[in-house]
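What follows is a single structure, written as C-alpha cells, with notes after it.
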Amino acid sequence: MPDFVLLQTYATCDPDTFQVVIQRYRTLLERLGCRDQEVFSWLTALQWPASDEDNFGDIYALPFAVTPTLSCDGITVTLYDTPAVPSIEDPPAWLGFNLLFETSSVHQDHSTVYVPGFGMQVWSIMRAMADEFPEIGVYLTDEYQENHAWRALAENAGADPWAFDFAIFPRNLAEHFAEVPPGFQGTVLEKKFGFALQNRWQALPWQDAE
C-alpha cells in the first residue's frame with residue numbers, strides 16, 4: 001500500500017508569475033486556517049529554477065495543521081515544464097501542489113477505506129482549492145495515481161483521468177470525464193463537478209458534510 005495520500009492541485013505559471021502563484025497557495029492555506037509561519041516562510045523562499053537544466057521540486061517534510069481540525073504530514077511543490085509527449089506548441093509550465101497525509105492515519109485498519117470524518121474535512125478544503133485553482137481542479141490520490149489525471153488533462157499523455165479517489169474539476173473539462181467508470185458517484189457544484197470512488201468512503205464526502 002502506498003505510504004501517502006496526496007491532495008493535489010495545479011496552476012500554470014512562468015518566471016514572471018511563479019511567485020504570484022506561490023503566494024496564492026500561501027494565502028489559500030491561511031484562509032483555510034493554517035497558521036504555521038515555518039510553512040509560509042518555506043513557500044515564500046521557493047524560486048524559479050536558475051537554468052533550463054535545473055529540475056525544480058521541493059518538500060516541506062514536517063507535519064502542520066492545514067485547518068484547525070486537520071493536519072497533514074508535509075507539502076510538496078513541483079514545477080513541470082517538459083511535455084510528456086511531443087508537441088508543436090510551447091506548452092505552459094505547471095506548478096503542482098501536494099498536501100501529504102500518511103496512509104495509516106487516513107485509512108481504516110490497513111484498508112483502502114478512509115476514516116470517518118476525513119471526507120467531510122477534505123470536501124471543505126477541496127472546494128476552496130478548486131475555487132482558487134480552477135484550471136485543472138483538485139484530486140485526492142494515492143502515490144500510484146499521482147499526477148495521472150493532470151497528465152491526461154494538461155499533457156494529453158494517455159493517462160487515466162479517473163485515477164483518483166475523489167476529485168472536483170471544472171465543467172469545461174467534462175468531455176474528458178464523459179464515460180463514468182463503474183463505482184464512481186458524482187455531485188454537481190457551481191461550474192464544477194465532484195466525483196468519488198464509492199468503495200473508498202463510508203459516506204461520500206459531500207454526504208458526510210451535510
Problem set entry | Side chain to side chain, Thr103 and Asp142, heavy atoms closer than 4.5 Å | no
For this session: Carefully, step by step, assess Gln145 and Leu6 under the rule side chain to side chain contact (heavy atoms under 4.5 Å, CB included).
Result: CA-CA 9 Å; Gln145 302 164 326; Leu6 302 93; over 6 Å; no
Exercise. Taking the side chain from Arg151 and the backbone from Glu146, do they hold a donor-acceptor pair closer than 3.5 Å?
Worked result: no
Exercise. Parallel, tilted or perpendicular: which fits the ring planes of Tyr139 and Phe177, with parallel below 30° and perpendicular above 60°?
Worked result: parallel
Exercise. Hey, mind stepping through Trp201 and Asp208 against side chain to side chain contact (heavy atoms under 4.5 Å, CB included) and telling me if it holds?
Worked result: CA-CA 9 Å; Trp201 310 91; Asp208 201 14; over 6 Å; no
Exercise. When you check the side-chain N and O atoms of Gln37 and Ser41, is any donor under 3.5 Å from an acceptor?
Worked result: no
Problem set entry | N/O donor-acceptor pair under 3.5 Å between Glu143 side chain and Asp3 backbone | yes
Exercise. Going by heavy atoms in the side chains, are Glu102 and Phe4 under 4.5 Å from each other?
Worked result: yes
Exercise. Mind checking whether Tyr10 and Tyr80 have parallel, tilted or perpendicular rings, split at 30° and 60°?
Worked result: tilted
For this session: Give every residue pair that meets the salt bridge (Lys or Arg N to Asp or Glu O under 4.0 Å) criterion with at least one member in residues 129-141, sequence neighbours excluded.
Result: Arg24-Glu132, Arg31-Glu132, Asp131-Lys192
For this session: Measure up the Phe133 and Phe97 rings against each other and bin them: parallel (under 30°), tilted (30 to 60°), perpendicular (over 60°).
Result: tilted
Exercise. What's the spacing between Phe164 CZ and Leu140 CG if we round to 0.5 Å?
Worked result: 10.0 Å
Exercise. Is there a side-chain contact between Arg35 and Pro68 (heavy atoms, below 4.5 Å)?
Worked result: no
Problem set entry | For the student: nearest non-hydrogen atoms of Ser71 and Phe101, plus distance | O-CE2, 3.4 Å
For this session: Determine the minimum heavy-atom distance between Val138 and Ala130, stating which atoms define it.
Result: CG2-N, 3.4 Å
Scan the side chains in residues 57-66 for donor-acceptor partners under 3.5 Å anywhere in the protein, sequence neighbours excluded, and list what turns up.
{"from": "Tyr60", "atom 1": "OH", "to": "Glu38", "atom 2": "OE1", "distance (Å)": "3.3"}

Problem set entry | Exam field: side chain Thr141 to backbone Val5, donor-acceptor pair closer than 3.5 Å | no
For this session: Search all heavy atoms of Asp73 against all heavy atoms of Ser105 and return the closest pair with its distance.
Result: OD2-OG, 4.2 Å
Problem set entry | Pair Gln121, Thr67: side-chain N/O donor-acceptor within cut-off below 3.5 Å | no
For this session: To the nearest 0.5 Å, tell me how far His107 NE2 sits from Phe118 CZ.
Result: 7.5 Å
For this session: Please check if the side chain of Asp14 supplies one atom and the backbone of Asp16 the other of a donor-acceptor pair under 3.5 Å.
Result: yes
Problem set entry | Side chain Thr12, main chain Ala93, donor-acceptor under 3.5 Å | no
Exercise. How far does CG of Asn147 sit from OG1 of Thr78, to the nearest 0.5 angstrom?
Worked result: 7.5 Å
Exercise. What is the distance from atom CG of Leu197 to atom OG1 of Thr112, rounded to the nearest 0.5 Å?
Worked result: 8.0 Å
Problem set entry | Backbone of Ser111 reached by a side-chain donor or acceptor of Asp109 within 3.5 Å | no
For this session: Apply the test side chain to side chain contact (heavy atoms under 4.5 Å, CB included) to residues Val180 and Trp162: give CA-CA distance (whole Å), side-chain angles for both, the deciding distance (0.1 Å), then the verdict.
Result: CA-CA 8 Å; Val180 181; Trp162 290 95; 4.0 Å; yes
For this session: Evaluate the criterion side chain to side chain contact (heavy atoms under 4.5 Å, CB included) for residue pair Trp150 and Gln8; output intermediate values, then yes/no.
Result: CA-CA 9 Å; Trp150 170 78; Gln8 304 189 280; over 6 Å; no
Exercise. Taking only residues two or more places apart in sequence or in another chain, which ones pass ring-ring contact (aromatic ring centres under 6.0 Å, His included) with Phe40?
Worked result: none
Exercise. Which of parallel (below 30°), tilted (30 to 60°) and perpendicular (above 60°) describes Phe18 and Trp48?
Worked result: perpendicular
Exercise. Would a distance-only check, ignoring hydrogens and angles, find a side-chain to backbone donor-acceptor pair under 3.5 Å from Gln19 to Leu46?
Worked result: yes
